[in-house]
Amino acid sequence: MLFLELARVFEKVEGTTKRLEMFEILSSFFKKVSRTEIDETVYFSQEKLVPSFKGIEFNMAEKMVERAIAKASGRKISEVEKLYKKKGDLGLVAEQFLVRKQKTLIPSRKLSITEVYEKLMKIAMVGGAGSVERKIGMLNGLLTHLSSIEARYVVRFVLGRMRLGIGDPTIMDSLSKAVSGDRMKLRPEIERAYNLCSDLALVASTLFKKGVKSLRKFKVQVGSPIRMALAERLPNAKDIIKKIGKCAVETKYDGFRLQIHKKKKGNKIEIFSRNQEQMTHMFPDIIAALKKQIKAESFIIEGEAVGYNEEADELFPFQVTITRKRKHKVKEKAQKLPVVLFSFDILYLNGNDLTQKPYHERGSLLKKIIRKGFVIRLAEKIVTKDPEKLEKFFEENISRGTEGIIAKRLDSGYQAGARNFNWIKLKRSYKSELKDTIDVVIVGYFKGRGKRVKFGIGALLGTVYDKKKDEFKTIARIGSGLSEKKWVEIRKILDKIKVKKKHARVDSLIKADIWCIPKYVFTIKADEITKSPMHTAGKKKNEPGYALRFPRIQGWIRDKKEDDSTTVKEIEKLFRMQKHVSTRFRIKNK
Ligand code: AMP
């Protein structure tokens, strides 16, 4: 299949304003694409060269891409820069400048999806001395073989700015429809396999080449991150015990969720984030500690890494821990801000997949393999069936400054990628009526007024996720919680993913000044959830939607994906729960 056809599909996706149309366009293309090219097609649709956990990046700065475009089109760098300033998108610059050139230099042969993919992979793999010039040369070479519309998407792809925002659920639905004729028919099998290997292209090519039966055979593998299990919420200790009976209650730490894999071969250790990104290089201190403290040939464990304040002998809040997320000067930072890993689960041990084993068995295996030490510890926990004991443990945790607790069913397996009542979180903030924080996805922003005019941004449009429709529904206009410097920073970040009109997966009655693709997640604190006709979260025909009262940003961009944000369903639940806030907490605070 020609890459040109895929570029045309992306153009259609970009032009649509409806999520369902996006799905239709994609599924009919998947139906046409060959079995050998479905994996590359899926990667392109995910706007990735390889799954994030493989950690391969183009490492091409804008300036490098500008030079490649100049060379391929026979233009001067200054001309490229000038048009870029005007258009704000190097993809469009490449498209415009290559049109003329191609009138004189019609490419002799069009490239296939695989050929473009392989050439891009080669560019990404170039490293070491002289790599800047080589990458520019290779991209120039590729661009001269492309038509203008192909160049638009290749340039955006290399810069990580495709701005399609298709989303994994849409791709999974489209795969199911392409193979079975029905959107939902194969969705559970596709999703299960994806949850276990985090590589949607691998799942797609297995499905296309070997059929659905082989999807059912997918197993946990050391080195491929497992999509993480998530927690539901309930309003109080009593409801938790009523729901799951005798359970383990663990401290809920607020840091980085890490999944750590150790292979027997070569003793290789890899660390993945909640979004299955490579974090190995960021935690040399954890790696060193694992080598000393864990007695096992191979394993997959999970835990929360939290910054540790040696002077005060206490844990740092998330805003401080997040500063460990960096590419450079990692070792220096690790010395300045050591982390402690509170491990709470084990999914694989010495050749055995443990995900089907009950929680309590996994817990005792985890305990057995950890040697006492400073960095690697077990998450604190109690086991109880008494709501009062649960409540007491929760209060103790809150007073020590942790986020709350997570209660876990004793007899449940580890359900990759699932948010259900096997794990239940209970968080509370004494300061506001709304107990929990909310993770919103930013879909646009408003230009500033008054003092903020000079920043070009005054507020963000925040949404929550409607899982059923795979859409983002508005819930708040957020104008506080960031410093002046951070407002400027977020504007720049959002400008890189801005789109001309409201994205197809966004449902909004409010018009943002600048729209962007739903990508970045912020944690929001608010006083209350109220009803509002202006917002689409939870809005039904004749009923208003939900809104956040006095929303303010906490910290900075979270390590969550857009579809891992708070859902409309959770908002509905929180709305019902806030009516039950125990007056005790309010009085205590006065
Ligand atoms: P939330 O981000 O509010 O949905 O809460 C779930 C997150 O809590 C997980 O993804 C972990 O990062 C974090 N967490 C902290 N402590 C624990 C624990 N003991 N068990 C499971 N998750 C935990």
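All ligand and atom numbering here is 1-based and tracks the order in the structure. As a basis for the values below, the full set of heavy atoms in this structure was taken, side chains included, without hydrogen atoms, waters or symmetry mates.
In terms of protein heavy-atom proximity, atom 2 (O) of ligand 1 is nearest to Lys560 NZ, 2.9 Å. Scanning the protein for heavy atoms near atom 17 (C) of ligand 1, the closest one is Phe344 CE2, 3.7 Å. The protein atom (non-hydrogen) at minimum distance from atom 15 (C) of ligand 1 is Tyr253 O, 2.9 Å. For atom 4 (O) of ligand 1, the closest heavy atom belonging to the protein is Lys425 NZ, 2.5 Å. In terms of protein heavy-atom proximity, atom 8 (O) of ligand 1 is closest to Lys252 NZ, 3.1 Å. For atom 19 (N) of ligand 1, the nearest non-hydrogen atom of the protein is Glu250 OE1, 2.9 Å.
Looking only at atom types and distance, the side chain of Arg257 has no donor-acceptor partner in the side chain of Ser273 under 3.5 Å away. The closest side-chain donor-acceptor pair between Lys560 and Asn275, if any, does not fall under 3.5 angstrom. The closest side-chain donor-acceptor pair between Tyr359 and Asp411, if any, does not fall under 3.5 angstrom.
Ligand 1 lies less than 4.0 angstrom from a heavy atom belonging to Trp423. Look at Glu403 and you'll find every heavy atom at least 4.0 Å from all atoms of ligand 1.
The shortest distance between side-chain heavy atoms of Lys531 and Phe575 falls below 4.5 Å. The closest side-chain heavy-atom distance from Glu277 to Phe272 is not below 4.5 Å. Residues Thr384 and Lys246 fail the side-chain proximity criterion, which asks for heavy atoms closer than 4.5 Å.
Residue pairs satisfying the ring-ring contact (aromatic ring centres under 6.0 Å, His included) criterion with at least one member in residues 227-254, sequence neighbours excluded, are listed as follows: Tyr253-Phe342.
For atom 21 (C) of ligand 1, the nearest non-hydrogen atom from the set Glu380, Arg274, Lys381, Lys408 comes from Lys408.
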Would Thr566 and Val440 satisfy side-chain contact (heavy atoms from CB on, under 4.5 Å), going step by step from the backbone distance to the final call?
-> CA-CA 6 Å; Thr566 302; Val440 303; over 6 Å; no

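Some N or O of Glu304 is nearer than 3.5 Å to an N or O of ligand 1, by distance alone. Backbone and side-chain nitrogen or oxygen atoms of Arg257 are examined, and one is located within less than 3.5 angstrom of a nitrogen or oxygen of ligand 1.
Which parts of ligand 1 touch Lys427 is read off a 4.0 Å heavy-atom cut-off, strictly below it: atoms 3 (O).
Residue contacts with ligand 1 for Asp254 are absent, since no atom lies close enough (heavy atoms, distance under 4.0 Å).
With sequence neighbours excluded, the residues that form a ring pair (Phe, Tyr, Trp, His ring centres under 6.0 Å) with Trp556 are Phe522.
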